[in-house]
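What follows is a set of notes on a single structure, which appears directly below.
Protein chains get the first letters and strands the later ones, always in sequence-line order, with residue 1 at the start of each.
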Amino acid sequence: MRATQLYAPTLREFPAEAELISHKLMMKAGLIRKAAGGIYSYLPLGWRTIRKIEKIIREEMDAEGGQEIMMPITQPAELWKESGRWAVYGPEMMKLEDRHGREFALGPTHEEMITSLIRSEVKSYKQLPLMLYQIQNKYRDEIRPRFGLMRSREFIMKDLYSFDKDIDGMNVSYDKMYNAYSRIFTRCGLKFRPVEADNGAIGGGHSHEFTVLAPNGESSIAYCESCNYAASDEKAELKVITAEAEEMKPLEKVSTPNCHTIEMVKDYLQVPIEKTIKAVAFQDDDGRLILAFVRGDHEVNEIKILNAVEGALHLHMAEDSAISAAGGCAGFMSPIGIKDDTAIVVDSTVMEMYNAVAGANEVDVHYINVTPKRDFDAKKIIVTDIRMVKEGDPCPHCGKALKMTRGIEVGQVFTLGNKYSKALNATFLDENGKEKYFEMGCYGIGVGRTAAAAIEQNNDEHGIIWPRAIAPFEVVVVPVNAKNAAQLEYSEKIYEELKAAGIDTILDDRKDRAGVKFNDCDLIGYPIRITISPKTIDENTIEVKIRKTGEVYTFNRDEYKDKVCELLKDL
RNA sequence: CGGGGCAUAGCGCAGUUUGGUAGCGCACUUCGCUUGGGACGAAGGGGUCGUGUGUUCGAAUCACACUGCUCCGACCA
């Protein structure tokens with residue numbers, strides 16, 4: 001490719017609408033352009049990167065036995081009503097009607113579609129296991145699209161679905177995908193971690209998110225440096241923190257005027273925050289009151305509460321009236337004296353406390369000397385881990401202090417079990433002629449998000465620093481003055497030679513000043529730049545500059561190819 | 001959906017308070033000159049001022065409504 005023919009509209013300045021560095025750079029370097037909120041065109045440079053990521057994904061999916069297919073974007077509403085997700089996904093789905101008034105959705109995901117495809121065709125265990133995937137546009141009517149390709153409404157996703165005859169088979173498929181994902185993100189040159197993730201309402205199976213480490217990431221993960229444990233903040237398990245046993249003093253009410261936050265209570269009563277019990281009140285979709293209690297210095301993890309309370313699907317903050325109705329008092333709550341039909345969830349660590357401070361369910365009154373294992377009615381409470389992890393908490397595997405970091409979720413592997421095969425009645429006959437539901441798994445990778453994550457992780461003040469594997473071009477050849485026939489001719493030879501050697505090369509034959517071209521090259525982020533000048537022609541050499549490190553090398557004309565190949569290996 | 005902000009040439013912005021001939025930088029076209037880190041000079045082209053309604057002799061400017069974008073929040077791959 002020649003730069004004079006390439007459509008790469010680089011900008012002199014960042015567009016005002018972009019916030020995140022990857023979004024700014026993708027716009028400025030001419031990789032993407034916006035068509036509407038969260039909807040983008042991919043320009044040649046951006047698309048080349050996307051295609052390279054897709055190629056890596058295809059190779060690794062195929063290597064594990066995946067077969068590529070292509071399913072429709074437009075999906076009939078009936079399918080979604082059958083699985084019950086028409087309502088669940090609700091406003092998140094891009095919906096449309098045809099001329100006859102029939103309802104369709106633009107597919108946000110394809111579990112329904114593929115299950116219906118399989119259920120009428122695959123009838124025997126002999127046809128299993130089966131792994132089918134596609135790389136396809138997906139649609140989610142995000143409440144708030146932002147950050148360019150990071151959170152868009154139309155996005156490219158690879159999704160593979162596995163079908164197995166039993167749970168063991170499903171787990172084999174899961175492991176294959178887990179391994180494939182590790183190879184894919186490694187090949188893309190990304191620093192990432194597979195982290196244990198929450199399965200949400202599906203439950204049962206297991207799930208990992210593949211998270212690219214980046215300070216601007218939207219998700220927060222906890223990880224251990226001494227063992228390999230890593231989990232999303234919502235999932236991270238926490239051990240009980242035991243407190244030193246104390247003599248249990250008698251329960252007593254004290255006046256705490258206007259102390260409705262833990263901070264105020266602790267200061268007023270002059271007790272350490274670890275001696276206080278914090279209450280958070282929620283209601284679920286049915287209006288049922290759910291009270292959660294954690295130690296004063298801890299935060300509650302809503303996902304863990306949902307998992308602990310049977311039948312709860314969503315939580316929202318409780319109305320004061322609901323709290324009063326249950327015998328509680330907002331700002332001064334404890335489990336003591338709450339009515340029976342309330343779900344009370346107490347963090348395991350709270351049960352270890354002695355002589356603590358908790359609300360008395362009366363305005364401006366707290367209890368002191370609360371010892372939960374004596375004062376809480378064990379029959380009425382659910383005791384489990386409901387804390388949100390924080391930096392320094394002990395690792396659930398090895399006990400060392402956990403660290404927190406932020407990241408971008410670029411892929412997720414997920415076992416589904418028979419959730420969808422059951423909902424859509426997709427069955428096969430096993431060895432004994434018995435009808436069974438498929439055991440499924442689903443495995444997604446956000447392709448555009450992977451590209452954005454790579455930029456998020458690899459950039460400097462000059463622009464993008466592409467990992468070689470996903471760079472739009474690996475090498476750019478720049479004659480400092482393309483109007484000079486000798487330089488252009490020399491550069492073209494180098495360009496042709498590199499192409500012949502299988503290196504993805506672009507010739508910057510634009511007649512601009514050298515500075516303009518250098519700045520564009522840095523912005524676009526080609527891993528290696530080869531500069532041709534009168535000096536290099538005289539010396540029969542070429543000059544190589546590494547984008548990532550800024551190192552400059554001079555190589556002889558007759559040996560430069562091997563040297564360049566050698567350098568590329570590390571980029 | 002709640003709360004802020006913004007909408008003027010391809011991009012970045014001024015002009016709006018105090019109504020009166022549409023402006024700047026970059027980009028673009030032509031010519032000259034220049035060529036190792038976004039040169040310089042000269043001459044040009046390009047805008048229904050987001051949309052609609054209203055006030056006014058006159059609206060980018062004032063009023064109302066709508067739309068779009070953006071940030072914070074709840075939600076999510």
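- Residue contacts shown for A:S152 include a base, since a base heavy atom lies under 4.0 Å away.
- Minimum atom distance to the side chain of A:K28 is reached by B:G38, of the listed B:C76, B:G38, B:C71.
- Using a 4.0 Å heavy-atom cutoff across all strands shown, A:E13 reaches at least one base atom of the nucleic acid.
- Within the cation-pi definition used here (under 6.0 Å to the ring centroid, within 45° of the axis), A:R33 does not qualify as a partner of A:Y42.
- Comparing B:U8 with B:A14, their P atoms are spaced 11 Å from each other, to the whole Å.
- Looking at A:D512, its side chain has no donor and acceptor atom pair within 3.5 Å of the base of B:G38.
- The nearest whole Å value for the distance from the CD1 atom in A:I39 to the P atom in B:C69 is 9 Å.
- Side-chain contact annotation: A:E111 with A:T109, donor-acceptor N/O pair under 3.5 Å present.
- Within the shown strands, nothing qualifies as a pairing partner of B:A14 under the Watson-Crick or G-U definition with both distances less than 3.5 Å.
- Heavy atoms of A:F155 sit under 4.0 angstrom from at least one base atom.
- Listed nucleotides B:U70, B:U34, B:G38 differ in distance to A:K483; the shortest reach to its side chain belongs to B:U34.
- A donor-acceptor contact under 3.5 Å is not formed by the side chain of A:R140 with the base of B:C76.
- Using Watson-Crick or G-U wobble geometry with both donor-acceptor distances under 3.5 Å, B:C57 finds its partner in B:G20.
- When the P atom is compared between B:C24 and B:U67, the two are found 35 Å apart, to the nearest whole Å.
- Each of A:H23 and A:H462 was assigned the nucleotide of RNA chain B with the nearest heavy atom; the assignment lying further toward the 5' end belongs to A:H462.
- Among the atoms of the strands shown, none is found under 4.0 Å from any heavy atom of A:R153.
- Below the 3.5 angstrom threshold, one finds a donor paired with an acceptor across the side chain of A:S533 and the base of B:G36.
- Looking at the side chain of A:E19, the nearest of the listed nucleotides B:C71, B:U35, B:G36 is B:C71.
- A:K34 comes within 4.0 angstrom of sugar-phosphate atoms only, judged by non-hydrogen atoms across all strands, and of no base.
- Within 4.0 Å (heavy atoms only), A:D520 reaches at least one base atom of the nucleic acid.
- A cation-pi contact, defined as under 6.0 Å to the ring centre and within 45° of the axis, links A:R48 to A:F473.
- Nucleotides B:U61 and B:U56 have their P atoms positioned 16 Å apart, rounded to a whole Å.
- With hydrogens and angles left out, the side-chain atoms of A:R529 and A:T531 include a donor and acceptor closer than 3.5 Å.
- In this structure, A:K138 is not positioned above the aromatic face of A:F155 in the sense of NZ or CZ being under 6.0 Å from the six-membered ring centre and within 45° of the axis.
- With both ends at atom C1', the span from B:G38 to B:U34 equals 15 Å, rounded to whole Å.
- Donor-acceptor pairing under 3.5 Å is lacking for the side chains of A:E263 and A:T261.
- When distances run from any side-chain atom of A:N519 to the nucleotides B:A77, B:G36, B:G37, the shortest one goes to B:G37.
- Separation of the C1' atoms belonging to B:U29 and B:U21 is 27 Å when rounded to the nearest angstrom.
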Test side chain to side chain donor-acceptor pair (under 3.5 Å) on A:Y553 and A:E551 and set out the steps.
-> CA-CA 7 Å; A:Y553 302 93; A:E551 293 166 286; 3.1 Å; yes

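- Residue-to-nucleotide contacts include no donor-acceptor pair under 3.5 Å from the side chain of A:K511 to the base of B:U35.
- Closest to the side chain of A:R12, out of B:G38, B:A77, B:U35, is B:G38.
- As judged by a 4.0 angstrom heavy-atom cut-off over every strand, A:E209 is placed among residues making no nucleic acid contact.
- Residues A:V516 and A:M150 each lie close to RNA chain B; by heavy-atom proximity, the contact nearer the 5' end of the strand is made by A:V516.
- A:E218 comes within 4.0 angstrom of nothing in the nucleic acid, heavy atoms only.
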Could you walk me through whether A:S207 and A:Q412 pass the side chain to side chain donor-acceptor pair (under 3.5 Å) check?
-> CA-CA 7 Å; A:S207 171; A:Q412 182 163 24; 2.8 Å; yes

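- Spacing between B:G52 and B:A59 at atom P, rounded to whole Å, works out to 14 Å.
- Within 4.0 Å of A:T109, counting heavy atoms only, lies no atom of the nucleic acid at all.
- Here A:G444 lies out of heavy-atom contact (under 4.0 Å) with every strand.
- Across all strands shown, A:K545 has heavy atoms under 4.0 Å from base atoms, whether or not it also approaches the sugar-phosphate.
- Under 3.5 Å, the side chain of A:R529 and the base of B:G37 form at least one donor-acceptor pair of N or O atoms.
- Judged by distance alone with a 3.5 Å cut-off, no donor-acceptor contact links the side chain of A:K517 to the base of B:G36.
- No donor-acceptor contact under 3.5 Å links the side chain of A:R146 to the base of B:U70.
- When distances run from any side-chain atom of A:L523 to the nucleotides B:C71, B:A77, B:G38, the shortest one goes to B:G38.
- Rounded to whole Å, the distance from CZ on A:F14 to C1' on B:U70 is 17 Å.
- Between B:U35 and B:A22, the two P atoms lie 43 Å apart (nearest whole Å).
- One C1' atom belongs to B:G45, the other to B:C28, and the distance between them is 8 Å to the nearest Å.
- Nucleotide B:G32 is matched to B:C40 when pairs are restricted to Watson-Crick or G-U wobble geometry with both distances under 3.5 angstrom.
- Under the Watson-Crick and G-U wobble criteria, each requiring two contacts below 3.5 Å, nucleotide B:A65 is paired to B:U51.
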